[in-house]
Amino acid sequence: MPVPSLRRSVRTVAVVVILASLTLVTAAQPQRDDAIAVTVDATRPGAKIDRNLFGQFAEHLGKGIYEGIWVGPDSPIPHTRGIRNDVVGALKALKVPNVRWPGGCFADEYHWRKGIGPLAARPATLNPNWGDVIEPNTFGTHEFMDFIEQIGSEAYLSINVGSGTPQEAAEWLEYLTSAQPTALAKERAANGHPEPYRIAYLGIGNENWDCGGNMTAEYYLQQMKIHSRFVRNFNPAQQKDGARMLKIAVGPGGDGPRWTEWTETIMRAYKHRQWSWDMDGLSLHNYTVVRFPAAYKSVGFDEADYALLLSETLKMEGLVSHNAAIMDAYDPQKRVALVVDEWGAWYAQLPGTTPGFLAQQNSIRDALIAALNINIFARHADRVRMANIAQMINVLQAMILTDGPKMLLTPTYHVFRMYVPFQDATFVPVAYDAGTYAHGAITLPRVDAIAARDAAGTLWLSLTNLDPTRPAAVSARLVGTTATSASGETLTAPAIDSVNTFEAPNTVTPKPVTAQVQDGRLTLTLAPKSVMVLALRP
Ligand code: AHR
């Protein structure tokens, strides 16, 4: 019976074709019943996501300052008073809230007097931490403050506790901030700045448990109290309305009993402090590195390394929670901020670059690492009120890379730019079952998300898909908002190690995106290895 049999095979072919096309649709756009269910609850606002979580770190290290910021007054590279214009323009778009300077390890060997006065008269010194290169001191106090003004930021100075004295640090602050005609204030005026500078944040040392002098917690505590007592900010404008320079003590640099003891020692002393010393923050340093010396590649890596470095990044959650819990015990009012003033990915230096310069590329994986870290900080916004990515330009997980007159923006830069609306916005809880992304022995949450409401009432949602091959469908219930539209940007890349280069600077660059909102439900698909930030508007 040929006809029915023909019918049957036509039917079979049709079913196969339909199934095949369904398979294709699924790959491009996962079906909604697979969607990750998210609830964004704007009726339960949380803490303010302090804009200082988006702080930067600029150390005298490699090409971070020299070339990255400072090209000098005689450079053919377009500049304003020696500070390159392209870099300033790019940083302005990030609304950088604060810049930590001059280090890092460099800070505990920095003597500020060598970096003031006529450029030609400044001494050449050495930078023993970072390649033993000559430090020309041509970028000093006034140049840093000029840079801060040009990008519209705040200064976060690290004073030298390791090899300096309380007197040297106190005099630096008097030089910077005194409005009265003291000898130091007159010297500042003679060097071109009669008005006192505003120093918003002061770091009392840096990693004094290691490169800052190998101190025990107890020894550092004594030093910190002495410096906290004598290093004063005299700027009258900063004493108004109870505002003042905030002081940040050195905190832990990892997890384990040694670091717990460090946090306990400082916080116990804080609880029982006398009126004559104070602190407003405790730092935490944590890099995505796996182990030192850093050996993982910043470009040209495989999926095993992709997954490993993302899983390392997520350890930040445990560190922050653990230290926040210790701090809660001694400071239940959460007066002292946890300041994660060094974080980011630390890879093997790029082949052919100067040893000690910590030059590395920056891939879409770094964009994900940035989003995951910021999301962790935002979820702990009641305690984590400041953070500084290491480092701003040409060093470690940088925003910007330069090559002589050329400049490019990294995937990490794009995440910081996309997250600008989260600065000072109010945290909004997001509940979801993240699903999993697994590779080898590593299993990670597939999706990560945070939300916040800005001062104008707009709700912002950030979604990250860690899975490098599978798109993620998301179906989000929006509670407490009348949003009917969603638009924003998405950042993804062709490969897990895609980077921007001077020849191809836009390989990893955000694209505009819109998504559907209907009856209080947002539906969208996240590209593999992507970060999306959306504004939800009525
Ligand atoms: O960011 C590079 C270095 O890492 C800093 O100088 C130091 O504080 C940390 O160990």
Side-chain angles (χ1 to χ4, degrees), residues 55-66 68-69 98-110 126-133 135 139 144 156-164 201-215 220 223-224 248-255 258-259 262 281-296 298 312-313 316 319 339-350 353-360 362 366 369-370 373 386-401 410 412:
Q56 301 281 334
F57 174 33
E59 178 168 14
H60 287 238
L61 193 179
K63 295 185 175 180
I65 301 285
Y66 298 107
I69 297 174
N98 71 82
V99 182
R100 180 171 180 253
W101 175 85
C105 297
F106 181 83
D108 278 295
E109 296 191 52
Y110 184 60
L126 286 174
N127 190 337
N129 282 292
W130 306 119
D132 274 337
V133 293
E135 164 56 56
F139 189 87
F144 173 66
Y156 174 12
L157 286 192
S158 288
I159 54 171
N160 180 345
V161 170
S163 68
Y201 309 102
L202 192 79
I204 305 181
N206 169 76
E207 296 192 357
N208 296 92
W209 30 260
D210 182 32
C211 67
N214 292 304
M215 300 174 190
Y220 169 73
Q223 297 298 313
M224 187 269 284
I248 295 141
V250 166
D255 222 351
R258 176 189 176 198
W259 302 115
W262 189 284
L282 180 75
S283 80
L284 167 68
H285 288 185
N286 179 48
Y287 286 94
T288 294
V289 62
V290 185
R291 75 187 78 87
F292 286 106
Y296 288 88
S298 57
E312 275 295 300
T313 300
M316 180 68 90
L319 271 177
V339 175
V340 190
D341 55 12
E342 284 189 32
W343 67 270
W346 189 324
Y347 305 119
Q349 65 169 57
L350 287 171
T353 57
T354 310
F357 274 27
L358 310 188
Q360 60 189 44
N362 196 297
D366 293 283
I369 287 172
N373 275 303
M386 190 154 154
N388 299 74
I389 187 167
Q391 300 194 3
M392 190 158 57
I393 304 159
N394 290 333
V395 176
L396 300 178
Q397 191 176 345
M399 306 291 115
I400 291 173
L401 301 180
T410 66
T412 300

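Every number for a ligand or one of its atoms is a count from 1 in the order of the listing.
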Interfacing atoms of ligand 1 (cut-off 4.0 Å, heavy-atom, Gln391): 1 (O), 2 (C)

Backbone N/O of Phe139 and side chain of Tyr66: donor-acceptor pair under 3.5 Å: yes

His60 side, atom NE2; Ile65 side, atom CD1 - distance, nearest 0.5 Å: 4.5 Å

Polar proximity ligand 1 side, Trp346 side, N/O cut 3.5 Å exclusive: no

Verdict with reasoning, Lys63 to Thr354, per side-chain contact (heavy atoms from CB on, under 4.5 Å): CA-CA 10 Å; Lys63 295 185 175 180; Thr354 310; over 6 Å; no

Nearest non-hydrogen protein atom, atom 6 (O) of ligand 1: Glu59 OE1, 2.7 Å

Any side-chain donor near an acceptor of the partner, Asn362 and Thr412, under 3.5 Å: yes

Protein contact of atom 10 (O) of ligand 1 - nearest heavy atom, named by residue and atom, plus distance: Glu207 OE1, 2.7 Å

Nearest-neighbour protein heavy atom for atom 4 (O) of ligand 1, which is reported as residue plus atom name and distance: Glu342 OE1, 3.2 Å

Under 3.5 Å: donor-acceptor pair, side chain of Asn127, backbone of Val133: no

Least distance between heavy atoms, Pro102 atom then Ser158 atom: CD-O, 3.5 Å

Heavy-atom check, side chain of Phe357 versus side chain of Gln349, under 4.5 Å: no

Region of Trp130 engaging ligand 1 - heavy atom pairs below 4.0 Å: side chain

Per-atom contacts, ligand 1 versus Phe57 - under 4.0 Å to a heavy atom: 1 (O)

Note, Glu59 side chain near Cys105 side chain (heavy atom, < 4.5 Å): yes

Nitrogen or oxygen atoms of Cys105 and ligand 1 under 3.5 Å apart: yes

Heavy-atom nearest neighbour in the protein, as seen from atom 1 (O) of ligand 1, with distance rounded to 0.1 Å: Tyr287 OH, 2.7 Å

Where ligand 1 meets Asn206 - atom numbers and elements under 4.0 angstrom, heavy-atom basis: 8 (O)

Ligand 1-proximal atoms of Asp210, by part, heavy-atom distance under 4.0 Å: neither

Phe106 near ligand 1 by a heavy-atom separation under 4.0 Å: no

